[in-house]
Amino acid sequence: MNTTKTVRKVAIVGYNRIPFARANTAYANVGNQEMMTAALNGLIDKYNLKGQLLGEVAGGAVIKHSYDMNMIRECVMKTALDPATPACDLQQACDTGIESAVYIANKIALGQIESGIAGGVDSISDMPIAVSENLRKTLLKARQAKSLGEKIKAFLKLRPKDFSPLVPRNEETQTGLSMGGHTEITAKYYKISREDQDNLALKSHLNMAKAYDEGFFADMITPFNGLDRDNNLRKDSSIEKLAKLNPAFDKANGTLTAGNSTPLTDGASCILLASEEWANERGLPILAYITFAEIAAIEYVKNQQNLLLAPLFAASRMLEKAELNLQDFDYYEIHEAFAAQVLATLKIWESPELSAELGLKKTLGAIDREKLNVKGSSLAAAHPFAATGGRIIGVMAKLLNEKGSGRGFVSICAAGGQGVTMIIEK
């Protein structure tokens, strides 16, 4: 419901995250709530939000425990925000962070709230472990038993295999393939070479290393648990080192490796969004504006090469609505889940034949690759599923703010054959 006569502009006012860490390293003994709370508190401190009542906080995690069912609200209650600030959990695989931003932005645009925080977190190190289905049913049956004899009788039906723990599977339910397995098919289908993948990965690391050296991330990251920068970043990476890595998914004929694919990662990020009036009243900067966003999904069960290509459709629809061409941007941020997925996206954009085959309405054309992921992206920073959106939006907002004007294109793919694109302007 629109409570205003016009759609209001949505300002990106702030950003913050904790360093991202490869799973089972720096954050091995902390969980989602601790990481998300740290990211939020860093944002609160940076923008003097202590004690303030915000419109809403939205975010989520892809992998979380049952006790995290109201996670973002629990995190808000542990921060210095006014505890009356409402919160909600969202989850859309790797799109969780950017979809949370769209959720908050829409409420601001419609006049329902004046300000809000969007974010996301994921801990692979603190992955929930479940019991087998037979053990679960036995425990419930024993709980309902009227006597000790009935309890013992229930437990006697268990077998050793029933005690094997179950961990979340990093696979698509519909296909049984991991994202890496699907992307191997994508690489083969679109003839994406190992050399091109390694070159893209190397550029991501070198760009991010340079950005750190130049101090670009100094005001974007709150140190946490002994870490002050992303520990997946390899400043000394080289094409020779990447070329020595073995295939990670298709061991015999694959081109995806640990070097040109994102690792399992822990981390959290958040961004502060507001109306212009709210920001101006508090003397807070307006870094940039979110002007358009689009979500799309794609069939990937029969056409298994499609899993991470849904942003192609989101981009096409979004650009049509915005009356813009793909070339009308100063910066491009394309989430690097895998180098092959980024390269396939670029190849399809450039090819009338491939665009038509996929079912796109028109060929969007080539982009200037020197404008792509200029501060490094997921291959260097790594990819805590729900936290990637906040990281990318924050980087784009800062790039445009430092430039003083311009337009940025954001694309994030996700499991389940979904994807979100966004336009950010200054």
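A quick note: this is a predicted structure, and the numbers were derived from the prediction, not measured.
Looking only at atom types and distance, the side chain of Glu294 has no donor-acceptor partner in the side chain of Thr421 under 3.5 Å away. A donor and an acceptor atom, one from each side chain of Ser178 and Glu171, are nowhere located under 3.5 Å apart. Side-chain contact of Asn280 with Glu276: a donor-acceptor pair under 3.5 Å is absent, judged by distance alone. Looking at Thr222 and Asn16, their side chains do bring a donor and an acceptor atom within 3.5 Å of each other. Defined by atom type and a distance below 3.5 Å, a donor-acceptor pair is missing between the side-chain atoms of Tyr27 and Glu34. No hydrogens or angles considered: a donor-acceptor pair under 3.5 Å links the side chains of Ser204 and Glu336.
Salt bridge status for Lys398 with Asp219: present, with a side-chain N to carboxylate O gap under 4.0 Å. Classification of Glu214 and Lys375 as a salt-bridged pair holds, one side-chain N sitting under 4.0 Å from a carboxylate O. With respect to Lys426 and Glu402, no salt bridge is recorded, no charged nitrogen being found less than 4.0 Å from a carboxylate O. Salt-bridge formation is detected for the pair Glu184/Lys188: a Lys NZ or Arg NE/NH1/NH2 atom is positioned less than 4.0 Å from an Asp or Glu carboxylate oxygen. Taking the charged nitrogens against the carboxylate oxygens, Lys347 and Asp196 have no contact shorter than 4.0 Å, which rules out a salt bridge. Under a 4.0 Å N-O distance rule, the pair Glu320/Lys361 qualifies as a salt bridge. A salt bridge does not link Asp122 with Lys64: every distance from a Lys NZ or Arg NE/NH1/NH2 to an Asp or Glu carboxylate oxygen is 4.0 Å or more. In this structure, Lys403 pairs ionically with Asp330, as a charged nitrogen and a carboxylate oxygen lie closer than 4.0 Å.
Side-chain contact between Ile424 and Val410: present, with at least one pair of heavy atoms (C-beta onward) separated by less than 4.5 Å. Asp230 is not listed as a side-chain neighbour of Arg391, based on a closest heavy-atom distance of 4.5 Å or more. Looking at Met179 and Glu172, their side chains come closer than 4.5 Å, going by heavy atoms from C-beta outward. Here the side chains of Val395 and Phe216 are in contact, with some heavy-atom distance below 4.5 Å. At a threshold of 4.5 Å between non-hydrogen side-chain atoms, the residues Leu312 and Ile298 do not count as touching. At least one side-chain heavy atom of Phe224 sits less than 4.5 Å from a side-chain heavy atom of Val30. Proximity of Glu333 to Leu372: side-chain heavy atoms (C-beta onward) are nowhere separated by under 4.5 Å.
Interatomic distance, Asp198 CG to Thr257 OG1, rounded to the nearest 0.5 Å: 5.5 Å. Rounded to the nearest 0.5 angstrom, Ser238 OG and His205 NE2 are separated by 11.0 Å.
For the pair His182 (side chain) and Gln304 (backbone), a donor-acceptor distance under 3.5 Å is present. Side-chain atoms of Asp368 come within 3.5 Å of backbone atoms of Glu370 as a donor-acceptor pair (strictly under, hydrogens ignored). In this structure a side-chain-to-backbone donor-acceptor pair under 3.5 Å is present from Arg234 to Asn232. The main-chain N or O of Leu364 is never found under 3.5 Å from a side-chain atom of Glu350 such that the two would form a donor-acceptor pair. Distance alone, capped at 3.5 Å, is enough to place a donor-acceptor pair between the Glu299 side chain and the Lys302 backbone. Between the Asp228 side chain and the Pro223 main chain, no donor and acceptor come within less than 3.5 Å of each other. With hydrogens and angles disregarded, a donor-acceptor distance shorter than 3.5 Å links the side chain of Asp250 to the backbone of Ala252. Judged by distance alone, the side chain of Arg17 and the main-chain N or O of Met220 form no donor-acceptor pair under 3.5 Å. Between the side chain of Arg317 and the main chain of Ile295, a donor-acceptor pair closer than 3.5 Å is present. In this structure, Ser237 contributes its side chain and Leu202 its backbone to no donor-acceptor pair below 3.5 Å.
Ring geometry for His383 against His335 counts as tilted: the plane angle lies between 30° and 60°, on a 0 to 90° scale. The aromatic rings of Tyr332 and Phe409 sit tilted relative to each other, their planes meeting at an angle between 30° and 60°. By the 30° and 60° cut-offs, the orientation of the rings of Phe217 relative to Tyr212 is tilted.
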Worksheet item: Glu114 and Arg8: salt bridge (charged side-chain N to carboxylate O under 4.0 Å, His left out), yes or no, with the steps?
Response: CA-CA 10 Å; Glu114 294 297 321; Arg8 303 188 303 175; 2.9 Å; yes
Item to complete: Evaluate the criterion salt bridge (charged side-chain N to carboxylate O under 4.0 Å, His left out) for residue pair Arg22 and Asp266; output intermediate values, then yes/no.
Response: CA-CA 6 Å; Arg22 293 173 70 99; Asp266 306 331; over 6 Å; no
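Within a 6.0 Å sphere centred on CD of Glu357, other residues, nucleotides and ligands contribute more than 12 heavy atoms. No more than 12 heavy atoms of other residues, nucleotides or ligands lie within 6.0 Å of CG in Asn29, so this atom counts as exposed by the packing criterion.
The minimum heavy-atom distance between Gly259 and Leu242, with the atom names listed, is CA-CD2, 3.8 Å. Listed here is the closest heavy atom pair of Ile393 and Ala101: CD1-CB, 3.7 Å. Scanning all heavy atoms of the two residues, the minimum distance from Pro247 to Gly254 falls at CG-O, 3.4 Å. Across all their heavy atoms, Leu227 and Pro19 have their closest contact at O-CG, 3.3 Å.
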Which atom pairs, one a donor and one an acceptor, fall under 3.5 Å between side chains of residues 71-88 and the rest of the protein, sequence neighbours left out?
residue, atom, partner, partner atom, Å
Arg73, NH1, Pro83, O, 2.7
Arg73, NH1, Thr85, O, 2.8
Arg73, NH2, Pro83, O, 3.0
Lys78, NZ, Gln33, OE1, 2.6
Thr79, OG1, Val76, O, 2.7
Thr79, OG1, Leu81, N, 3.2
Asp82, OD1, Ala84, N, 2.8
Thr85, OG1, Leu54, N, 3.2
Thr85, OG1, Asp82, O, 2.9

